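By convention in this document, chain letters (A, B, ...) are assigned in the order of the sequence lines, proteins followed by strands, and residues within each chain are numbered from 1. Remember, it's a predicted structure, so these values are computed and weren't measured experimentally.
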Protein chains: 2
Amino acid sequence: MGRRRALEYDCAIRDVLDRIGDAWSVLVIMELSKGPCRFNALRRVIEAISQRMLSVTLRNLERDGLVSRQVLDTSPPQVEYSLTQRGASLHGAISHLAHWAETHQPGIRTSRAAYDAKEPIAS
Amino acid sequence: MGRRRALEYDCAIRDVLDRIGDAWSVLVIMELSKGPCRFNALRRVIEAISQRMLSVTLRNLERDGLVSRQVLDTSPPQVEYSLTQRGASLHGAISHLAHWAETHQPGIRTSRAAYDAKEPIAS
DNA sequence: GCACATAGTTACCTGAAAGGAACCGCCATG
DNA sequence: CATGGCGGTTCCTTTCAGGTAACTATGTGC
């Protein structure tokens, strides 16, 4: 996200795009919107995510008050992540965008194909 | 955007986040939502953008059918960019998110400050 | 007492994207 | 005839998000 700091405009939407524009945050939010989940449980459902990136992503989301981290005093101690109210409301906003994406994806794919057809990948 | 190809999930929302999650697309869409604009006019209002990135951004948006590029037959020929209907509808969806961002930004900043205070930057 | 799970952290590496600057042809005005 | 605007492209360099892998510490079960 560092490259965005180069931009000197300070717009609220960039703040949120810097958070959810990355590869994993949306996935994690989507998953947690279904209910609380533990670290390794998340890893298993998201599959492709590395341990490090799940850790980093969760910490960033926690920092922004979008997810909360709760250590259960089971033995061995488990850690449960869940969306905060703010996180849930962000999930709502994302869903809105997701809906747009789904309805327009076919058209976008068509546009891309048409565009790429006009400009063949010159060798 | 290439790094996202590593992810094997193919979700509509990623498609749109790959487009608008970057540094400039949202800015350009925002600006064009006010009305058509020429290349160098865009450069001047966005200021921080480099010629190259404006070029790349516009081409990507055009590829997805979000903006249209129209060469005016003035002399010298000028090029006018404008939002397509699809682009305008994306602008609507983005505004929704922007609204969320604005209402929650203060809270997020507070959360960040609190979080960072707890974990001082260990030297 | 060895292996495995839970929940991470740390160090190192790489590929792709962003930045910078120069260059292009075209036109027009001084 | 050269300087500047227009609308880009090309090349080079740097940055950094994300991947891999190893390591941590605690606890449980075979």
Please check the phosphate of C:dT6 (OP1 and OP2 only) for any side-chain N or O of A:Y81 closer than 4.0 Å. no

Side chain B:S55, main chain B:Q51, donor-acceptor under 3.5 Å: no

Partner residues of B:S75 under the side chain to side chain contact (heavy atoms under 4.5 Å, CB included) criterion, sequence neighbours left out: none

Please report the distance, rounded to the nearest Å, between CG in B:D18 and C1' in C:dA17. 13 Å

Below 4.0 Å: OP1/OP2 of C:dT9 and any side-chain N or O of A:R59: yes

Between A:E62 and A:L66, is any pair of side-chain heavy atoms under 4.5 Å apart? no

Provide, to the nearest angstrom, the distance between the CG atom belonging to B:L58 and the P atom belonging to D:dT9. 10 Å

By side chain to side chain contact (heavy atoms under 4.5 Å, CB included), A:R112 pairs with (sequence neighbours left out) A:I108, B:D15, B:R19, B:R63, B:D64

In whole Å, what is the span from the CD atom of B:E47 to the P atom of C:dG19? 14 Å

Rounded to whole Å, please give me the gap between CG in B:L61 and P in D:dG8. 14 Å

Check whether any side-chain heavy atom of A:L27 sits under 4.5 Å from a side-chain heavy atom of A:M30, and report yes or no. no

Within residues 29-36 of chain B, residues whose heavy atoms come under 4.0 Å of DNA chain C: none

The side-chain hydrogen bond (donor to acceptor under 3.5 Å, both in side chains) partners of B:T84 (sequence neighbours excluded) come to none

Does this structure show an ion pair linking A:E47 with A:R44, if we count only N-O contacts that are shorter than 4.0 Å? no

Kindly state which residues belonging to residues 65-78 of chain B come within less than 4.0 angstrom of DNA chain D, counting heavy atoms of the residue only, listed by number. B:R69, B:Q78

Taking it one step at a time, do B:I20 and A:L97 satisfy side chain to side chain contact (heavy atoms under 4.5 Å, CB included)? CA-CA 11 Å; B:I20 69 168; A:L97 200 63; 4.0 Å; yes

Can you tabulate the close N/O pairs, meaning under 3.5 Å, that link protein atoms to atoms of nucleotides 20-23 of chain D?
residue, atom, partner, partner atom, Å
D:dT20, O4, A:R52, NE, 3.4

Nearest-Å distance, CG (A:N60) to C1' (C:dT9)? 15 Å

If you pin A:I49 and B:R43 to their nearest nucleotides in DNA chain D, which one's is more 5'? B:R43

Please report, rounded to the nearest Å, how far the P atom of D:dC6 is from the CZ atom of B:F39. 11 Å

Let me spell it out: for each of B:R44 and B:S55, pick the nucleotide of DNA chain D with the closest heavy atom. Which residue's pick is nearer the 5' end? B:R44

Should the pair A:F39 and A:Y81 be assigned to parallel (<30°), tilted (30 to 60°) or perpendicular (>60°) ring geometry? tilted

Side-chain donor/acceptor of B:S89 to backbone N/O of B:R86, under 3.5 Å: yes

What are the two closest heavy atoms between B:R38 and B:V79, and how far apart are they? CG-O, 3.1 Å

Spacing of B:L54 atom CG relative to D:dC6 atom P, expressed in whole Å: 13 Å

Does any N or O in the side chain of A:T57 come within less than 3.5 Å of the main-chain N or O of A:L54, such that one atom is a donor and the other an acceptor? no

Below the 4.0 Å mark, does D:dG5 have OP1 or OP2 next to a side-chain nitrogen or oxygen of B:N40? no

Proximal nucleotide (of D:dC6, D:dG18, C:dT9) relative to the A:W24 side chain: D:dG18

C:dG8 P sits how many Å from A:L42 CG, rounded? 10 Å

